Amino acid sequence: MNTEHLRYFITTVETGSYAEAARILFITPEGVSKAIKTLEKDYGVPLFEKDGRNIRPTQNGLCFYRKAKQLADGLGVRTIPWTSLSG
């Protein structure tokens with residue numbers, strides 16, 4: 001895992017969408033999806049499930065999100081400000 005993957009994961013949880021996370025992060029949705037799949041492979045658990053056109057974190061994803069936020073805060077990893085979520 002690297003800090004970029006953490007940032008992509010956190011942003012995806014907070015937006016509920018690969019496309020919206022990608023827009024905010026200035027990368028492609030495929031890049032976000034690939035990073036999430038890498039995390040899922042590394043940890044051996046699904047982190048998201050489909051919910052129509054959106055995605056939502058699984059129980060494992062929610063647990064990982066809480067730890068990822070703590071780790072990102074401790075490392076000084078810049079995550080998105082809530083104002084970015086409004087459009």
Side-chain angles (χ1 to χ4, degrees):
M1 172 181 52
N2 64 46
T3 56
E4 287 301 302
H5 288 176
L6 265 186
R7 205 162 63 93
Y8 297 172
F9 173 76
I10 291 166
T11 304
T12 303
V13 170
E14 292 176 353
T15 61
S17 164
Y18 290 133
E20 184 62 13
R23 183 188 69 78
I24 291 167
L25 296 164
F26 299 105
I27 64 169
T28 65
E30 292 80 14
V32 174
S33 177
K34 184 177 177 182
I36 300 301
K37 286 178 183 167
T38 298
L39 289 172
E40 290 177 330
K41 182 180 175 193
D42 288 349
Y43 292 99
V45 295
L47 299 172
F48 289 98
E49 58 191 6
K50 284 209 170 266
D51 183 21
R53 290 180 50 111
N54 292 323
I55 55 173
R56 64 178 177 195
T58 61
Q59 284 301 107
N60 288 319
L62 289 173
C63 289
F64 187 74
Y65 172 74
R66 288 189 290 272
K67 295 295 183 184
K69 281 292 279 186
Q70 290 174 350
L71 184 58
D73 291 345
L75 292 173
V77 173
R78 183 168 149 70
T79 57
I80 60 170
W82 281 105
T83 55
S84 295
L85 297 176
S86 62

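The figures that follow rest on heavy atoms only: side chains count, while hydrogens, waters and symmetry mates do not. Everything numeric in this text was worked out from a predicted model, so none of it was measured.
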Using a cut-off of 6.0 Å, state whether more than 12 heavy atoms not belonging to Gln59 lie near its atom CD.
no

Is any side-chain heavy atom of [Y] closer than 4.5 Å to one of [X]?
X     : Y     : value
Val45 : Thr58 : no
Arg66 : Leu62 : yes
Ile36 : Tyr18 : yes

Which of Thr12, Thr15, Thr11 passes side chain to side chain contact (heavy atoms under 4.5 Å, CB included) with Glu20? It is Thr15

Please round to the nearest 0.5 Å and tell me the distance separating atom CD of Glu14 and atom CZ of Phe9.
10.0 Å

Approximate separation, where rounding is to 0.5 Å, of Leu6 CG and Leu39 CG
7.0 Å

Closest non-hydrogen atom pair between [X] and [Y], with its separation:
X     : Y     : result
Asn54 : Ser17 : OD1-CB, 4.2 Å
Ala72 : Ile10 : CB-CD1, 3.8 Å
Ala22 : Pro29 : CB-N, 3.4 Å
Pro46 : Asn60 : O-CB, 3.9 Å
Thr38 : His5  : CG2-CE1, 3.8 Å

With side-chain contact (heavy atoms from CB on, under 4.5 Å) as the test, would you mind laying out the steps for Ile27 and Tyr8 before giving the verdict?
CA-CA 10 Å; Ile27 64 169; Tyr8 297 172; 3.6 Å; yes

Considering only NZ, NE, NH1 and NH2 on the basic side and carboxylate oxygens on the acidic side, decide whether Lys37 and Glu40 come within less than 4.0 Å.
no

Would you please indicate yes or no on a ring centroid separation below 6.0 angstrom for Phe64 and Phe48?
no

